[in-house]
Amino acid sequence: MTNPFKFAEIILPLALPGTFTYEISPVDVPYLKVGQRVSVPFGSNKLYTGIVHSLHNQKPELYKTKMIDTILDTEPLVTKIQIKFWEWMANYYLCSLGDVYRNAFPTALKWESETFVKFIGTIEQIQEHLAEEEWMVVNAINQKGILSVSEIAKIVERKSAIPVIKSLWEKGIIHLDEVLKEKYTPKVERFVRVNPELKSNEKLFNESLHKLKNATKQRETILQLIVEEAQSSKPIKISQFLKKYGGTHSMINSMEEKGLVQIYDLEISRIEEVKNDIIDSEELNLEQYKAQKLIEEYFEESKTVLLHGVTSSGKTEIYIKLIEQKIEEDKTTLFLLPEISITSQMVQRIRKHFGDKVGIYHSKFNQNERVELWNNTLNDEYKIVIGARSALFLPFQNLGLVIVDEEHESAYKQSDTKPFFHARDMALVLGSMFQANIILGSATPSLESYHNAQIGKYGYVQLTKRFTDVELPKIELIDLKRSIRNKEMVGDVSRTLEEAIRDTFKEGKQVLIFQNRRGFAPVVECMSCGHSPYCPNCDVPLTFHKFSNRLKCHYCGHSQGRPTKCSNCQSLELTTKGIGTEQIEIQLQSLFPDKKIARMDVDAMRKKHAYEKTIEAFEQQEIDILVGTQMVAKGLDFSNIGLVGVIRADSLLNFPDFRAHEKAFQLLTQVAGRAGRRKEQGKVLIQTFNPDHEVLQNVTRYDYEKTAKDILYERKSFLYPPYLRLVQLTFRHAKVEKVDKVSTEFVRLLKPMFDEKHLLGPIEPSIGRIRNLYIRQVLIKIPEGASAAKVKEWIQKSIESLHTIQAFRSVRIEIDVDPS
DNA sequence: AGCACGCCGACT
DNA sequence: GTCGGCGTGCTC
């Protein structure tokens, strides 16, 4: 029985609601399956790669359907669960299915549409009068035979070649040919082997060796190669061989010319092999064992578990035990980590345990590597997939367990591209679609998860002891007001901190200094009028980058040289204000001139491998003090840190963000956890102007419960999550009047549905203009007990009705469900 | 979201 | 006189 369906709903990578109906050609009918990729014509002359969403027989009446161009796969690349998952996300985050598809599916599999141009006849047959540009194109096509639109665009040196092509087409000289080109190219690497003939023929071999009597290095190399081949049956990579024994590529090449060796290419897996041998899992201590048993009990009840364990309490070992169990059940585990932790020791440990059963997926991987991971996951080749939030979108077959480590991390929320999803929340959704067990792990759980545990929605499992039995570092606050009064400050470093650093060096230990970047970026300021240069496109002062001696905007990328005089009063006396990590680094260097100091922030890490190099140097103790931002707080596990210093905690507390206190506690606790992880108790010094601040006091006592209780009380009284859900709308337009008008109108439309406590705005955010677009924001608090779906429907209806007004359409409206 | 079409300013 | 600015409308 052949497939009886004549129409297919196709998901296209567009920000348009729903799917698109296409006709299936009778030839294709028996082969088309849900989840396959197809290329379809769209609009006047575009081809898109879409995914088959469903098949049916209802001929649409309102429009004419087009025919599916090509079926790109013999088997589906997208599973039915994935399609269901995408739809769930689109619905929850108020974006189109196409938005999800675009984000969830590897770019290299969404084939590029390229228009190719060919002659109809020959160049000699052209009789029409042609313009100069047209002749250029015609000659180029004559030479190459076929050209793509983008290539023609280069020849005519214009943004678009369409007018020229169109005119040639109208004159009947060329025809257009839509061709799809797949971008995926497997990675090949160069390998070397001893010429097999030499190996079997001793005489020949000796002759060859004799010929090399003047080439010592080559003689040596061939012998090394023979040894290497004897030791292992694996192919020998040229790059690795040269690294091990020395020598150059040209040397290998000349050896190939002499017939001594053969060079050959092999298609290799882009996913790095695991080098280390597999290590058995460690025995759990009593506390861990009890925790594991408790987790299993909750899993029996199909409950999500919140695993709350202080740093170094050994969560990883528990994860490993749980993964092992899932492997026995022949089920896959998805292990989510915040992006920054992907290169961490955690991943190494998991890989050491599970070897090549592990797939790793994160944003540093290129498109080709992602395709490989996609295919391997589809073929159920991994038992564990470790990845950042994007790993949620892999085509899992039989998911049995989802682990979200560091579940409180805000990096789990996607905030740059649609859909603005939270990976922790979506992990719960995906997990439930597979009826998989879910475990959320953290040393400082998010208040959402903690609240869910308190009300019994999640199982709650705690680990209170450090695995290694080392006591948690001692945290002390330094009162900056008093230090200033007593004239004990050198720049931003108090004498107490300075002395502690000296003591740490005496013990042969390293120091980690943390400086929160936000709010402390250095700016140029005029000493006579106080004016600072602003970004021409955004409402922010430009930040000063000492090493390039330039001013940059972090929002739009604008960059200019450091001015020599004030643009406001022409004064020549300019100074730099604010304490960035750069400043701290300089100050520390002058305090400790003979010590090696390194900096770790976004700017310093821009160079390739800078991050890895810095970490390695610090591990090797080539660096005495590491100064850094958020980056140093996360995912790093150094053994020799004696002291952690926080330059100023206040900036963390004073954010205009309802999560400021929660984040401050999490971050400071996390930074503190970097001290003294192995043998001895470490020390933490936090400089602040508010040593009496409740949150800071709680940090010194490691009192998570108290902090959570305080903050939850505030959240309840001021109507914030976890007691209710938020939806934030952002309006953008080049004209202030328009954003103002549209945003106020939006609020007016929604007003009947809410009281003033639940509908806030429109407000001008602290940065009121970015990239020349003015911004307004509206915050909706979905009342407790109200249907979130209903509220979202109202929001969408209101936007729709705003869009019926011509003049309002150009205002971009962005919806962020559960903003962070 | 793209993309084409269409109507007004600054330039060869 | 054209090029190209972006406002507007449409896409199965």
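All chains are named by letter (A, B, ...) in the order of the sequence lines, taking the proteins before the strands, and each is independently numbered beginning at 1.
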Handout entry: Nucleic acid contacts of residues 15-23 of chain A, taken as heavy-atom distances under 4.0 Å to DNA chain B
Key = A:A15, A:L16
Exercise for the section: May I ask you to say what A:P13 touches in the nucleic acid, namely base, sugar-phosphate or nothing, with a heavy-atom cut-off under 4.0 Å? Expected result: nothing
Fill in the blank from the handout: ring-ring contact (aromatic ring centres under 6.0 Å, His included) filter on A:F42, not counting sequence neighbours, yields A:F20, A:Y48
Handout entry: Heavy-atom side-chain contact between A:Q796 and A:L94 under 4.5 Å
Key = yes
Fill in the blank from the handout: So the salt bridge (Lys or Arg N to Asp or Glu O under 4.0 Å) pairs with at least one residue in residues 88-107 of chain A (sequence neighbours excluded) are A:D99-A:R102, A:D99-A:K418
Exercise for the section: Using a heavy-atom cut-off of under 4.0 Å over every strand shown, decide if A:E9 touches base, sugar-phosphate, or nothing. Expected result: nothing
Handout entry: Partners meeting side-chain hydrogen bond (donor to acceptor under 3.5 Å, both in side chains) with A:R550 (sequence neighbours left out)
Key = A:S559
Problem - side-chain N/O A:Q806 vs C:dG9 OP1/OP2, d < 4.0 Å - result: yes
Practice task
Give the rounded distance in Å between these two atoms: NZ of A:K738 and P of C:dC6.
Solution key: 14 Å
Completion exercise
Sequence neighbours excluded, the answer for side-chain hydrogen bond (donor to acceptor under 3.5 Å, both in side chains) partners of A:Q414 is A:N103
Exercise for the section: With the side chain of A:Y63 defined as its heavy atoms from C-beta on, choose the nearest nucleotide among B:dG2, C:dT8, C:dC12. Expected result: C:dC12
Practice task
Starting at atom NZ of A:K64, determine the distance to atom P of C:dC12, rounded to an integer number of angstrom.
Solution key: 10 Å
Exercise for the section: State which residues pass side-chain hydrogen bond (donor to acceptor under 3.5 Å, both in side chains) with A:K792; sequence neighbours excluded, sorted by chain then number. Expected result: none
Completion exercise
Rounded to whole Å, the CG-P distance (A:L14 to C:dT11) equals 13 Å
Handout entry: Residues in side-chain hydrogen bond (donor to acceptor under 3.5 Å, both in side chains) contact with A:H803, at least two apart in sequence or another chain
Key = none
Practice task
Measure from CG on A:L12 to P on B:dC3 and round the result to the nearest Å.
Solution key: 14 Å
Handout entry: For atom CD1 of A:I805 and atom P of C:dT8, their distance in whole Å
Key = 13 Å
Exercise for the section: Rounded off to whole Å, could you give me the OH-to-P distance for the A:Y101 and B:dA1 pair? Expected result: 18 Å
Fill in the blank from the handout: Taken to the nearest whole Å, CZ/A:F42 to C1'/B:dC3 is 10 Å
Problem - Residue-level proximity of residues 808-820 of chain A to DNA chain C when a heavy atom falls under 4.0 Å - result: A:R809
Practice task
Could you tell me whether a side-chain N or O of A:Q728 sits under 3.5 Å from a main-chain N or O of A:Q777, the two making a donor and an acceptor?
Solution key: no
Problem - Any pair counted as salt bridge (Lys or Arg N to Asp or Glu O under 4.0 Å), so long as it reaches residues 765-780 of chain A, sequence neighbours left out - result: A:D539-A:R769, A:D740-A:R776
Practice task
Grab the CD-C1' distance between A:E61 and C:dC12 for me, whole Å please.
Solution key: 14 Å
